[in-house]
Amino acid sequence: MTRAAGTRARGGLRAPGGPGGPGTRGVLGAIGMIARAELRRRWTALTALGVLVGLVVAIVAGTTTLIRRTATAHERLERASAVPDLQVSFLRHDPELARRIAAVPGVVQSWTSAGSVGRLEDQASVSYLGILGDTGGSRDIYRPVVVSGRAADPASPDEVLLDERAAADLGFEVGDVMTLRLLTESDFLNFDTGFGTPGGPLLKLEVTGLTRAAGESARQMPLTITPALVNRLDMVTTVVMLRLAPTPEAMTTATSALRRIGQGLRTDPLAREFPPLLVARPATDGDARIAATQRVLVTGLVVFAAVVGVAGLAAAGQAFYRHHAAGARDQRIEAVLGLPALGRASARALAAAPAAGVAAAVAASGPLLAGSLEPLGPLAGMEPHPGYATHTALICIAAAAGLVTTTLLAAVSAFRAGQQPAPAQVTQATAVQATAVAPTATLRGVGGLTEAPGAGHGRAGSPQSPWSAVPAWPSPARRAAPARPPRTPASRITRNAVARRGPAWWWIGVTFALDRGRDRWSAARRPAITGTAIGVTGLIAAATIAGSMSRLVDEPQRYGWNADLEITDARPEIVNRLAADPRIAAVSMLDVSTATVEIDGQGHALSMPDVITAHGPGDAGPGAIGRGDADPGVDLTVYALSAKPTAVPPPRPVGWTIFEGAAPARTNEVAVGPRAARRLDLRVGDHLSIATNNGGNARLRVVGIGVGPVLNGERLGESLLVAPDMLARVQRTQPMRSALVRAVAQVDPVNLAAALGTEYELAAGLMPAEVANLGSMGRLPALLQAVLAALAIAAAGHAVGTTWRHAQRELAILRTLGFTPAQTARIPLVTSCVTALLAVTAGVPLGLLLGRLAWWEIAAATGVSTDLAVPVELLVALPAAAVLIGLAIAAMPASRAGRLLPGALLRGE
């Protein structure tokens with residue numbers, strides 16, 4: 001090659017430096033010159049590639065912004081609404097007791113308020129509303145965020161704030177006036193036996209604002225009244241909210257001290273169904289109830305971002321490689337002139353600098369636009385600051401990622417393209433090699449390879465031989481060539497297809513799909529094929545999780561609700577009337593109280609009573625509550641079921657849903673909720689010790705794992721079910737009683753609820769908050785499946801396009817070997833279908849495995865059974881759908897393969 005030729009090749013590139021190669025300044029000058037020439041010639045393509053990389057990074061960064069906002073919504077709402085660590089309630093107004101509670105060890109801040117209950121008037125059914133009285137003054141505990149309207153005037157007795165969830169359930173909006181009749185203390189204490197019309201005052205209150213707060217306090221007492229109104233009323237309860245020191249032992253120390261205070265209090269005979277001190281953990285309980293939903297949403301968004309990132313970067317990398325492969329001849333000229341591979345790649349990376357700037361700008365737009373998206377699903381209702389919100393750090397990170405990713409892709413793809421050897425010349429030797437592979441083979445019919453009669457005996461050019469244009473041996477001019485010339489993919493594929501039965505185009509297409517050779521076109525399509533498999537994996541996992549969620553929401557018995565109605569505070573005479581009602585098929589009494597399960601130092605249930613020697617003033621002997629500063633047990637909600645006979649015996653009783661084992665039938669048996677079983681490390685057949693109310697212990701055997709209706713405000717799956725006579729021994733408070741009712745088949749439960757709701761306080765379809773949160777995600781799981789399916793199809797299309805752009809030369813060689821246009825067109829179709837089936841084969845088991853693991857985590861956080869709902873319909877339809885999609889995306893490459901002109905293509909090489 002002459003110096004003039006080298007100069008013309010790259011716009012005047014000269015080989016600087018001496019005979020030993022270019023010097024440092026010469027190399028830098030050459031890099032700059034090549035970069036300028038590359039940018040002038042191909043700036044449009046580089047800009048398009050920068051936009052492509054920027055879009056991929058923007059989608060991933062925007063999704064990351066949404067993940068952050070979704071994953072932290074509850075935590076930020078806790079901080080914004082200043083949810084307390086502990087909330088202690090007790091009957092009557094007792095300032096001295098409130099001061100004792102506020103002074104327990106571990107407390108750093110407290111706020112004392114008042115509580116009451118009111119009955120809403122002018123409602124279709126009986127509805128009661130918990131009331132929290134603001135006692136005034138500045139505070140840093142429990143400040144619900146006003147998200148609509150305005151805050152109530154502290155000096156106005158007629159203005160109130162209402163939690164937005166209660167407002168949605170009851171149909172109230174800002175500016176509405178609610179009519180409320182308050183309960184007296186006597187009404188409150190006789191709630192379980194009935195009191196008729198509440199004896200408190202009748203109030204007309206204007207809703208000035210809707211509030212949003214984390215924790216369970218807002219659910220239990222959604223109505224907040226002003227200090228002016230509190231001073232005019234006789235409130236029923238006192239509520240003390242506590243902020244604890246941020247130390248691991250603060251919670252244990254404070255709860256143990258509260259236990260000791262509660263033991264020393266006298267219980268009103270009319271209030272035996274209430275503990276002396278009702279202690280709740282608003283922040284912890286609320287976080288557990290939203291954990292499963294948060295996990296589903298965050299996992300789905302992470303999978304979406306990962307699939308987009310892998311598929312998008314694979315496509316961008318291949319696009320960059322094709323861009324630089326088109327200039328591989330220029331790189332070979334530069335190499336001859338002495339420029340090293342690193343310098344050639346650096347020149348292309350420098351030319352891509354403007355494209356990297358474009359990518360950075362486009363990438364930064366992702367988090368900017370995602371700032372308008374609020375958290376997904378039910379977590380949108382926990383966003384403390386609705387509206388636009390973005391994250392400056394994520395914008396900067398996205399811009400930097402777009403810049404660096406574009407530069408790296410440009411450098412790496414240029415380096416790879418520069419290492420590509422010069423294309424082999426297609427000569428008679430190539431065809432001779434293919435002939436030597438199968439000298440007796442001929443193509444017949446639809447392309448099947450069979451042995452022709454008399455093959456190998458005819459002379460060259462005989463009509464019997466399809467290889468007439470190919471001489472039997474290399475010409476003398478070629479005898480000096482290496483003994484084993486480099487084999488082409490076409491010759492290798494043809495050789496592999498010879499020994500197989502069936503059409504040759506079929507086996508060649510399969511071989512193209514399965515080929516693991518070292519050819520660059522084979523390696524180039526692997527990232528795209530991997531992206532397709534990842535998309536299928538995500539689709540199967542998302543469908544598995546979505547199916548399990550839908551089954552949980554659609555089948556109430558899975559979360560323990562197998563009744564139609566629940567009658568609150570059902571007295572014996574009410575139960576008798578319900579059992580005699582011909583519209584009712586089954587009635588079960590459900591008593592609920594609290595029991596203390598003894599635990600060891602690791603928090604696991606003790607199988608035997610823990611005999612303790614007293615060591616301090618707080619010790620009260622074996623099985624008692626309060627042993628110094630140690631926490632001897634954990635309080636759990638305990639239920640007892642007793643079915644009542646009806647006119648027509650029901651086919652199945654109303655009660656708990658048992659996932660494993662059986663319901664307790666004897667006094668010494670117990671069924672445990674899934675969450676409680678994991679917390680206490682219990683399995684069917686284990687034993688646990690429960691403190692009795694006479695100072696002793698009861699040793700019970702676990703006979704079942706299951707869930708039932710949540711009537712005491714506990715988390716789903718964190719309760720016990722015992723026999724009625726055992727409940728009388730272990731209950732810490734007088735049980736609250738409800739009746740579970742199931743209508744006969746001929747009666748619509750809605751009509752029955754309407755008829756009974758005028759007389760009793762009832763609830764229909766008690767969906768726990770954990771399940772309700774999962775159900776309120778709406779069409780998000782289906783949308784995620786659609787997006788993952790689209791990404792898998794896009795990745796498959798990219799794989800097919802990449803494969804056949806690199807394989808045109810191989811198809812041309814096959815045409816010279818005797819393939820017809822129709823046979824050549826079928827090869828891409830077969831390859832695409834086999835590739836799609838390979839992606840399905842790899843993606844289905846991986847998707848089921850990931851879906852199983854994810855659903856186990858979700859079910860464990862929710863407190864329900866972990867059994868999986870396998871998407872059978874999708875699994876059955878997916879292989880056929882994969883074949884159809886493979887045919888569709890390979891239609892254009894197949895059409896081009898059929899119209900391929902091998903002479904023109906091979907002559908160009």
Side-chain angles (χ1 to χ4, degrees), residues 423-428 430-439 441-450 452 465-470 487-515 517 519-522 524-525 529 796-838 883-909:
Q425 297 298 323
V426 181
T427 60
Q428 284 185 334
T430 306
V432 167
Q433 181 198 359
T435 307
V437 172
T442 185
L443 303 174
R444 177 179 294 178
V446 295
L449 287 177
T450 58
S465 173
W467 319 99
S468 58
V470 182
R487 291 182 299 179
T488 65
S491 63
R492 183 176 65 253
I493 292 171
T494 307
R495 180 198 63 190
N496 293 337
V498 169
R500 299 184 175 95
R501 297 182 180 180
W505 52 266
W506 166 265
W507 289 110
I508 291 175
V510 172
T511 307
F512 267 121
L514 300 178
D515 185 47
D519 309 286
R520 293 196 175 274
W521 69 266
S522 178
R525 73 175 191 271
I529 295 175
H798 177 65
V800 171
T802 301
T803 298
W804 297 110
R805 272 190 297 270
H806 288 273
Q808 286 187 5
R809 179 171 173 270
E810 316 304 327
L811 294 178
I813 295 176
L814 291 174
R815 286 289 301 277
T816 63
L817 298 179
F819 273 66
T820 66
Q823 294 167 351
T824 309
R826 293 169 189 160
I827 296 176
L829 297 176
V830 173
T831 302
S832 178
C833 293
V834 173
T835 301
L837 290 176
L838 287 176
V883 171
L884 293 177
I885 293 172
L887 292 174
I889 62 179
M892 185 174 293
S895 176
R896 291 178 179 176
R899 299 195 306 268
L900 187 69
L901 299 177
L905 180 63
L906 299 179
R907 189 181 305 113
E909 296 189 0

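Positions are given from 1 along the sequence. These figures come from a predicted structure and were not determined experimentally.
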Quick one: list whatever passes side-chain contact (heavy atoms from CB on, under 4.5 Å) with A890, sequence neighbours left out. V800, L829, S832

With sequence neighbours excluded, tell me which residues meet side-chain contact (heavy atoms from CB on, under 4.5 Å) with A891. none

Closest approach of C833 to G886 (non-hydrogen atoms, all atoms of both residues): SG-C, 4.3 Å

Contacts of L837 meeting side-chain contact (heavy atoms from CB on, under 4.5 Å) (sequence neighbours excluded), chain-then-number -> P879, A882, V883

